[in-house]
Peer 1: 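One structure coming up, written as C-alpha cells, with questions to follow.
For the single chain, residues carry numbers from 1 onward in sequence order. All values below come from the heavy atoms of this structure, side chains included, with hydrogens, waters and symmetry mates left out.
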Amino acid sequence: MTRKSYTAVINYLDDNKIHIDKDEFELQLEGHPNFPSLLAFSDALHFFNIENYSYRIDNDEKDILPEDFLALVKGELAVVNNIGDKITVNGSQTEDFFSEWENIILIIEKPEEQFNTKSKLDYTYINWGIVTLLFLFLFVYDDSNLVLKLIFATTGLIGFIFAREAYKKTHGKGTFIPVGVCKSNYLNTDCDLVFNSKKWKIFNKIDLSEISLLFFTSQIVCFILLSLIKNIEFFFEIYQYGLFAFIPVAFLSLFYQVFVVKKYCPVCMVIIASVCIQLVAANLISFTSKKPDISAVLFLIGSLGSLIVLMNFRIINQNAQKDENTLKRNLKFRRNYQFFKNNLSLQKKVENKDFSNAFVFGNEKANQTLTFITNPFCKHCKEFYPVFLKLVKKYSDELRINIFFDIDLSRDDLDNRTVHVNLTNIYINSENKIEFLEALSSWYNVQGYNEDKSGWYQKYSKYFGSSENALALLKGHEKWVSSNGVHFTPNIFINDTEYPVQYERADLEFFIPELLSEN
C-alpha cells in the first residue's frame, strides 16, 4: 500500500462525515510497526475510537456487499460505491472491479460520539472572509480599471489556492480536492503521479509547486500594495509583459504531463488557465499608465517580501517534516511488539498473586490478566482511563481485568477514605458492575477541589451503605499494592509482569491484540 490508500481512507471518512485530525491520523499510521499493512490502517482508526472491521468476501458472495466500503484493489485501499448494478472505484465507474479486487473489504462504523474532534473555530473561513472584505474595500477605494482588477483578483486568488494545494500534494499532505477529480481513469488524471514523479532530473532540483505559490503570493501582495496607493496601472504594466515568462513553464508542464507521465493534472491545468487568462486580459484590455513614483519600490518590496516569507516557510516545513519523521520512527520502534515483549520480560514480577480482593471485570476464568492500579485523585490515571475503558469494552471476553485502589488506610484523611469507600460500595452493591466503571469515570471529571460534586453524590448515593464490607475489601487492596511494591499510579501488570515504565500507558492498546493472538 502507498499514499493512495491513505487518500482513499480520508475520502471515505469525509464522505461519511467522520471527522478526525488528519495529521495525527497520518502520524499514527506511519508510526505503526506494520505500516503500510491493512492492520496499520485498522489500528490507526481504532486510535480515534472508530470501530472498523475487515472481511474476506468471495465473488459468489458479492450480493452481500454494502453500498459503500473500502476494498483492497491491486494492493491499495480504494473507496467503492456499490449502488444498483453500477460500481465506482475512487469515483470512477468500472466493470472490472470483481476481477481486480483482492476479496478483502474494510467497513468503518460511524461512532455515536466524535471523540478527539472538539469543536474548534475554523480560522480558514475567517481568513478568507477577511481577504474578501479587503478586496471589496480596494475595489470601492479605487474603482478605476475595475474589470481588469476583477479578472486579476479572481484568477490570482484561484491560482494561489490551487498552487497551495499543489504544494501540499507535492509534500504529502491532504487537500480539499476530491480523489475522483485528481485520480480518474475515465479522465486520465493522476495528480499525485504528476507531482511526485521524478522522471526528469530537472524536477529533482526545481519544485514547480513552489514556483507557482511564490508567483501568486507575490502577485496578490503587490496587487494590494499598489491598489492602496492608487497606481494599479503600474502593476498591470509589469504583468502585461512579465506573464510571457510563464509561457515556457506552462509548456514544460503540459509536455511533461502529455508525453512523459501520460497523465493529466487538473490542479496544474487550473494554474495554467489562470495565468493565461491574466495574460490575455492584460494585453487586450486597455489601461492608462501612470508615473511609477514609489510604485516600483513597493512592487520590489512585495516580491522580495513574499520570497523571504516563503523561503522561511519552506525551512519551517522542512524542519517540521524532519521532526515528524523522527517521531514516526520513534513510534514505530516503540510500538514494535517484539521489542515490547523483550522489554516486558525484564520487568519485575508480582509477589502477591492473590487477586481475590480486586474489582474484577471481563472473563474471570480467562488465562490472560490485566491489572490496573489507580487512585481516584490521580490526574495521570484520569488521562489513561479512557484507554483502559476501551480495553475493557473490547477484550472483556478474553481477559480477566483487575482493578486495585492504591490506598493508605492509616492516613488521617477522612475525605480520601470516604471517596474510596463510596466507590467500593458502588462496586459491591451495583448489579451491573459496569456502573462502577462509569462512576469512576464521572468521579475523575469532578474530583478537582473547585468542582461541584453534588450531582455525582446524588446519582450514586443509592449504592452507599455500611463501610465495613468496603473497608475489608480496601484492606485487601492495600495489602496487594504494598506487597507488590507499587509506588505510583497508574500502574499496570500484564499477567504477573509489570508494564515497562519506558512505554506510554496509552500504548498498551497496541500490544494487547498481539499478546492475545500469541497466546
Peer 1: Please report the shortest heavy-atom distance between Ala439 and Trp456, naming the atom on each side.
Peer 2: O-NE1, 3.0 Å
Peer 1: Test your reading of the model: is there a side-chain donor-acceptor pair from Asn402 to the backbone of Val360, 3.5 Å cut-off?
Peer 2: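 Side chain of Asn402 to backbone of Val360, a donor-acceptor pair under 3.5 Å: no, none is there.
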Peer 1: What orientation do Phe405 and Phe359 show, parallel under 30°, tilted 30 to 60°, or perpendicular over 60°?
Peer 2: perpendicular
Peer 1: Rounded to the nearest 0.5 Å, what's the gap from CD1 on Ile107 to CD on Glu51? Could you check?
Peer 2: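 Result: 13.0 Å between the selected atoms.
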Peer 1: Among Phe340, Phe493, Phe372, Phe388, which residue meets the ring-ring contact (aromatic ring centres under 6.0 Å, His included) test with Tyr499?
Peer 2: Phe340
Peer 1: With His420 as reference, evaluate Asn422, Thr424, Asn416 under the side chain to side chain donor-acceptor pair (under 3.5 Å) test and give the passing residue.
Peer 2: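 Exactly one pass, corresponding to Asn416.
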Peer 1: Evaluate whether atom NZ of Lys379 has more than 12 neighbouring non-hydrogen atoms of other residues, nucleotides or ligands under 6.0 angstrom away.
Peer 2: no
Peer 1: For Lys453, I'd like to know if atom NZ has over 12 heavy atoms of other residues, nucleotides or ligands within 6.0 Å.
Peer 2: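 Counting other residues, nucleotides and ligands, NZ of Lys453 exceeds 12 neighbours.
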Peer 1: Can you list the residues that meet the side chain to side chain contact (heavy atoms under 4.5 Å, CB included) rule with Asn484, with sequence neighbours excluded?
Peer 2: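 Side chain to side chain contact (heavy atoms under 4.5 Å, CB included) check on Asn484 returns Val350, Glu351, Asn352, Trp480, Val486.
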Peer 1: Restricting to non-hydrogen atoms, name the atom on Glu102 and the atom on Arg56 that form the minimum distance, rounded to 0.1 Å.
Peer 2: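 Where Glu102 meets Arg56 most closely, the heavy atoms are O-NH1, 3.8 Å.
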Peer 1: To check you understand the geometry: which heavy-atom pair defines the closest contact between Ala8 and Asn90, and what is its length?
Peer 2: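 Minimum heavy-atom contact is CB-OD1, 4.2 Å.
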Peer 1: With sequence neighbours left out, what residues match Trp101 under side chain to side chain donor-acceptor pair (under 3.5 Å)?
Peer 2: Asn59
Peer 1: Give me the ring orientation class for Phe404 and His477: parallel if the planes are under 30° apart, tilted from 30 to 60°, perpendicular past 60°.
Peer 2: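 It falls in the perpendicular class, over 60°.
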Peer 1: Give me the atom names and distance for the closest heavy-atom approach of Asp68 to Asn81.
Peer 2: CB-ND2, 3.5 Å
Peer 1: Can you check side-chain contact (heavy atoms from CB on, under 4.5 Å) on Lys22 and Tyr6, steps first, answer last?
Peer 2: CA-CA 10 Å; Lys22 295 176 183 178; Tyr6 166 82; 3.8 Å; yes
Peer 1: Taking atom types as modelled and ignoring hydrogens, do the side chains of Asn363 and Glu398 form a donor-acceptor contact shorter than 3.5 angstrom?
Peer 2: no
Peer 1: Roughly how far, to the nearest 0.5 Å, is CG of Leu423 from CD1 of Ile428?
Peer 2: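 The CD1 atom of Ile428 sits 11.0 Å away from the CG atom of Leu423.
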Peer 1: Distance only, no hydrogens: is a donor on one side chain within 3.5 Å (strictly under) of an acceptor on the other, for Asp408 and Ser410?
Peer 2: yes
Peer 1: Check this for me: does any side-chain nitrogen of one of Lys74 and Asp96 sit under 4.0 Å from a carboxylate oxygen of the other?
Peer 2: no
Peer 1: For a side-chain hydrogen bond (donor to acceptor under 3.5 Å, both in side chains) check, start with the C-alpha distance between Tyr463 and Glu435, then their side-chain angles and the critical distance, and finish with the verdict.
Peer 2: CA-CA 10 Å; Tyr463 297 117; Glu435 285 200 59; 2.7 Å; yes
Peer 1: Which pair of heavy atoms, one from Leu399 and one from Thr369, lies closest together, and at what distance?
Peer 2: CD2-N, 4.2 Å
Peer 1: To the nearest 0.5 Å, what is the distance between CG (Asp58) and CD1 (Ile64)?
Peer 2: 9.0 Å
Peer 1: How many angstroms lie between CG in Leu65 and CG in Asn82, if you round to the nearest 0.5 Å?
Peer 2: 5.5 Å
Peer 1: Between Gly485 and Lys348, what is the shortest heavy-atom contact and its length?
Peer 2: O-NZ, 2.8 Å
Peer 1: Any heavy-atom pair between the side chains of Val419 and Phe377 that's under 4.5 Å?
Peer 2: yes
Peer 1: Once you round to the nearest 0.5 Å, how far does CG of Leu39 lie from CZ of Phe510?
Peer 2: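 Separation between the atoms: 10.0 Å.
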Peer 1: How far does CG of Asn491 sit from CG of Asp406, to the nearest 0.5 angstrom?
Peer 2: 9.0 Å
Peer 1: Pick out which of Ile104, Val9, Leu38, Val80 makes a side-chain contact (heavy atoms from CB on, under 4.5 Å) with Leu70.
Peer 2: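 With Leu70 as partner, side-chain contact (heavy atoms from CB on, under 4.5 Å) holds for just one option, Val9.
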